[in-house]
Amino acid sequence: MSRWRELTGESSGEDYAARFAALARSGKDVHGEARFCAALVPAGARVLDAGCGTGRVMIRLAELGYDCVGVDLDASMLAVARKQAPELPWFRVDLAEFEPDLLGIAADFDLVVAAGNVFPLLAAGTEATVAKRLAAALRPGGLLVAGFGLDEAHLPVPPGITLSEYDDHCAAAGLTLVDRFAGWDGDPYDGGGYAVSVHRR
Ligand SMILES: C[S@@+](CC[C@H](N)C(=O)[O-])C[C@H]1O[C@@H](n2cnc3c(N)ncnc32)[C@H](O)[C@@H]1O
């Protein structure tokens, strides 16, 4: 069972969306992830939002002109995504079993983004498999972008994956580390409790 499911019972879609809507109303920037991705690949590029949740990141990327697909396992999160953007493609799939071909999707994404602690919220022991599945969905030269917390202060669950474990999983999946940042604003990584990693296939 995913740590996300243990944490939320997979019934928190509306609450999650309401929390971000309140942040946006209070003037907080809730589009850092989309802006970060948009700086890496040009508009029109194919983007997979892996663990898309309510579509917070993907809907923004679609507004910016990206050709997006969203995948998540939590029906309550996807229900919000579908309500907010019924015209976009959302799939209820376990990332550990994700095979684009089975869904009629080409496995040639320019960028895969896993934002919002997706890796530490996977079922324990599936991280390497998920890295492999996501790498396989990329075109050669495509980018995997993942942002997640590394300590208790930056995670809603006990820390589950270290950066070196993540890099090892990516390397085993044929990916090379390109860059690492302290957050979605692009500040250089300084060894802190949150990292945004960019790997290339
Ligand atoms: C904190 S939410 C982040 C949602 C979205 N990426 C965002 O940044 O707003 C983490 C998401 O990871 C998803 N997730 C966790 N394990 C998963 C799995 N094995 N397959 C698909 N989605 C998964 C959860 O369902 C949840 O929607």
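Whatever order the structure lists ligands and atoms in, that order sets their numbers, starting from 1. When a residue number appears, it is its place in the shown sequence, counting from 1. Remember, it's a predicted structure, so these values are computed and weren't measured experimentally.
- Listed for the Tyr189 side chain is no donor-acceptor partner under 3.5 Å among the backbone atoms of Ser197.
- Between Phe36 and Phe181, the ring-plane angle classifies as perpendicular under the 30° and 60° cut-offs.
- Among all non-hydrogen protein atoms, the one lying nearest atom 11 (C) of ligand 1 is Asp72 OD2, 3.7 Å.
- The closest approach between any non-hydrogen atom of Val93 and ligand 1 is below 4.0 Å.
- The protein heavy atom nearest to atom 8 (O) of ligand 1 is Arg56 NH2, 2.8 Å.
- Put simply, no part of Phe98 is less than 4.0 Å from ligand 1, judged by heavy atoms.
- Contact detail for Cys68 and Ala62: the closest heavy-atom pair is SG-N, 3.9 Å.
- The option from Pro156, Gly147, Gly116, Gly51 that lies nearest to atom 6 (N) of ligand 1, judged by heavy atoms, is Gly51.
- Here the straight-line distance linking atom CZ of Arg56 with atom CE of Met77 works out to 9.0 Å at 0.5 Å rounding.
- Counting heavy atoms under 4.0 Å from ligand 1, residue Ala114 does not touch it at all.
- Summary of contacts: the protein heavy atom closest to atom 15 (C) of ligand 1 is Leu121 O, 3.9 Å.
- Nearest protein heavy-atom neighbour of atom 24 (C) of ligand 1: Trp4 CD1, 3.2 Å.
- Here is the list of ligand 1 atoms found below 4.0 Å of a heavy atom in Asp74: 25 (O).
- Closest non-hydrogen pair, Val178 versus Arg200, comes out as CG2-CB, 3.5 Å.
- The shortest heavy-atom contact between Gly13 and Thr54 is O-CG2, 3.7 Å.
- The Met77 neighbourhood of ligand 1 comprises atoms 27 (O), with distances under 4.0 Å to a heavy atom of that residue.
- Counting only heavy atoms of the protein, atom 7 (C) of ligand 1 lies nearest to Tyr16 OH, 3.3 Å.
- Protein heavy atom nearest atom 20 (N) of ligand 1, with residue, atom name and distance: Leu95 N, 2.9 Å.
- Ion pairing between Arg133 and Glu97 fails under the 4.0 Å rule for side-chain N and carboxylate O.
- Between Glu33 and Arg60 there is no salt bridge, since no side-chain N of the basic residue sits under 4.0 Å from a carboxylate O of the acidic one.
- For atom 22 (N) of ligand 1, the closest non-hydrogen atom of the protein is Leu73 N, 3.4 Å.
- For atom 12 (O) of ligand 1, the nearest non-hydrogen atom from the set Thr126, Asp94, Val118, Leu122 belongs to Val118.
- Using 4.0 Å as the threshold, Asn117 has no heavy atom nearer than that to any atom of ligand 1.
- Taking every heavy atom of both residues into account, Leu121 and Ser2 meet most closely at O-CB, 3.5 Å.
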With a cut-off of 3.5 Å and sequence neighbours excluded, list every side-chain donor-acceptor pair involving residues 103-115.
from: Asp108; atom 1: OD1; to: Arg46; atom 2: NH1; distance (Å): 2.3
from: Asp110; atom 1: OD1; to: Arg139; atom 2: NE; distance (Å): 2.6
from: Asp110; atom 1: OD2; to: Arg46; atom 2: N; distance (Å): 2.7

